[in-house]
Number of protein chains: 2
Amino acid sequence: MSLRERAGQYSEAQLRTIETALELFADHGVGGTSLQMIADALGVTKAAVYHQFNAKEAIVLAVLEVYLAPLEDALEEAEAAGGTPKARAALLSRVIEAAVERRQAVSTLQNDPVLVRVLGDYEPSRQLWSRLFAVLLGDDLDDRARVRAAVLSAAIGSVGHAFVADVDDETLKTQLRDLTRRLILLPG
Amino acid sequence: MSLRERAGQYSEAQLRTIETALELFADHGVGGTSLQMIADALGVTKAAVYHQFNAKEAIVLAVLEVYLAPLEDALEEAEAAGGTPKARAALLSRVIEAAVERRQAVSTLQNDPVLVRVLGDYEPSRQLWSRLFAVLLGDDLDDRARVRAAVLSAAIGSVGHAFVADVDDETLKTQLRDLTRRLILLPG
DNA sequence: GTCTATAGAATGATAGAC
DNA sequence: GTCTATCATTCTATAGAC
């Protein structure tokens, strides 16, 4: 089942929980966020949250699925268009757009140790990630390309940095597109 | 008191605790790391850890002080040399070097919500950060420069990314120096 | 500096009523 | 779908002996 399909199966109440959980994860880290905190933020009891998700891990996984789903859409369009430079640029734009629109959360999704572990252990997200970077940077990467890939990934994650907190969305997107395009198209 | 001086006041036992704590923070996040875990990793009891630091917050602060101290050294040399391009390049090199040598921990130090909060609330680290980026990127930054600063910071933080886990230290340093110099010297 | 022992609160998770 | 009540476990932190 695709990430899009998995993400589409959550109820309204579950989606509210997922959204709330992500905000708390961003503020306190996954490990620093308790089910009590999530329940309080939702205005319900812990038991109500356990009715939606049978464990904290399930919430963490759901958060990942919901926020990776839009990337899957963008990726499939790019793959369908072939590996053309135009398709790559369009994919990069959409990834940046998605990141900027969820600024506070991106750094958490990319860096929180718990989410990183789940992201690495969970097959659908593994595949998404390798397909994404295959389109953006090519299939088999040498050391030089790997560093570029890591920097590219981190550059996108910089949308949540304090330095750009006051930069408006459009400016941030434009500047980031510029910088990251240079990273991708940089001559060997 | 400078960060260097503060960091220099910790005992051997405290430094062992700080080192161990940082490793656990990197694996589980600050919020996901208990004093019990730290004590177990050190092979002592919780009470022994509390003898060294009266609270978990004190350990977090100590971790920051110890790992920012080398940056303070590098920064002061660069400031003494004036804002010459040569001094900037040398500073950037030392920052990258320090980051590569502590790969697993850098992402935690830069991204963990608890550490980010402490880093923002703690005056000595605030000053260090603004001085550092003043030397690297100039004093008053417009939006464009702010995005570059955030990307530069994130690029340095990418040393811990899974993509470069197998890249050896020297290659990583060289490639990162290349990419980040382009970021700094990029024409407006 | 390290230990045992403990206090008191918070944790993840479950059972059963409405 | 939400509640109250509860479980065993773990948490931060402290007191006092060696």
Side-chain angles (χ1 to χ4, degrees), chain A residues 7-66 108 112-118 121-122, chain B residues 6-66 108 112-115 117-118 121-122:
Chain A
Q9 286 184 332
Y10 292 112
S11 69
E12 288 295 321
Q14 282 177 315
L15 289 174
R16 271 198 306 278
T17 302
I18 290 167
E19 177 71 17
T20 301
L22 181 56
E23 281 170 29
L24 289 167
F25 290 168
D27 283 352
H28 308 102
V30 176
T33 303
S34 68
L35 281 164
Q36 186 64 235
M37 291 162 77
I38 297 173
D40 288 349
L42 285 166
V44 298
T45 61
K46 269 190 298 182
V49 178
Y50 271 104
H51 175 74
Q52 298 171 0
F53 299 97
N54 53 43
K56 191 181 172 183
E57 278 270 329
I59 301 180
V60 172
L61 197 62
V63 164
L64 266 182
E65 287 170 348
V66 167
T108 303
D112 186 285
V114 177
L115 284 168
V116 167
R117 201 200 71 230
V118 172
D121 288 348
Y122 183 49
Chain B
R6 288 171 201 273
Q9 287 185 332
Y10 292 112
S11 69
E12 287 296 322
Q14 282 177 315
L15 288 174
R16 269 199 308 278
T17 301
I18 289 167
E19 177 72 17
T20 301
L22 182 56
E23 280 170 28
L24 289 167
F25 290 169
D27 283 352
H28 310 282
V30 176
T33 304
S34 68
L35 281 164
Q36 186 64 242
M37 290 163 77
I38 297 173
D40 288 348
L42 284 165
V44 299
T45 61
K46 270 186 300 180
V49 178
Y50 272 105
H51 176 74
Q52 298 172 2
F53 298 96
N54 52 44
K56 192 180 169 183
E57 277 271 327
I59 301 179
V60 172
L61 197 62
V63 165
L64 267 182
E65 287 170 348
V66 167
T108 303
D112 187 285
V114 177
L115 285 168
R117 201 199 69 228
V118 172
D121 288 348
Y122 184 50

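Naming convention: chains lettered A, B, ... in sequence-line order (proteins, then strands); numbering from 1 in each chain. These values consider heavy atoms only, across backbone and side chains, with no hydrogens, waters or symmetry-generated copies.
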field: Non-hydrogen atoms of B/His28 and B/Thr33 that approach each other most closely
entry: CB-OG1, 3.9 Å
task: For residues B/Val44 and B/Thr17, determine if any side-chain heavy atom of one lies less than 4.5 Å from a side-chain heavy atom of the other.
output: no
field: Covered region of DNA chain C, 5' end to 3' end, by chain A [heavy atoms, under 4.0 Å]
entry: C/dT11 to C/dA15
message: Using five base pairs at each end to define the local axes, how bent is the helix from C/dG1-D/dC18 to C/dC18-D/dG1, to the nearest 10°?
response: 10°
field: Atom of A/Val30, atom of A/Lys56 and distance for their closest heavy-atom approach
entry: O-NZ, 3.1 Å
- prompt: With a 4.5 Å heavy-atom cut-off, do B/Val49 and B/Ile59 have their side chains touching?
  reply: yes
message: Between B/Asp112 and B/Phe25, does the side chain to side chain contact (heavy atoms under 4.5 Å, CB included) criterion hold? Intermediate values first, please.
response: CA-CA 9 Å; B/Asp112 187 285; B/Phe25 290 169; 5.8 Å; no
- request: Quick one: pull up CG in B/Asp40 and OG1 in B/Thr20 and give me the separation to the nearest 0.5 Å.
  value: 11.5 Å
message: Does any part of the side chain of A/Leu61, heavy atoms only, come nearer than 4.5 Å to the side chain of A/Phe53, both counted from C-beta?
response: no
For nucleotides 6-11 of chain D, give me every protein contact, N/O to N/O, under 3.5 Å, one pair per line with atom names.
from	atom 1	to	atom 2	distance (Å)
D/dC11	OP1	B/Ser34	OG	3.0

statement: By nearest-nucleotide position on DNA chain C, the 5'-leaning member of A/Tyr50 and B/Ala48 is B/Ala48
- prompt: Between B/Leu24 and B/Ala41, which heavy-atom pair has the shortest distance, and what is it?
  reply: CD1-CB, 4.0 Å
- line: Of all heavy-atom pairs linking B/Val66 and B/Ala7, the shortest is CA-CB, 3.9 Å
query: What are the two closest non-hydrogen atoms of B/Gln9 and B/Gln14, and how far apart are they?
result: O-OE1, 4.3 Å
message: Within the 4.0 Å heavy-atom criterion, would you say A/Thr17 contacts the bases, only the backbone, or no part of the nucleic acid?
response: nothing
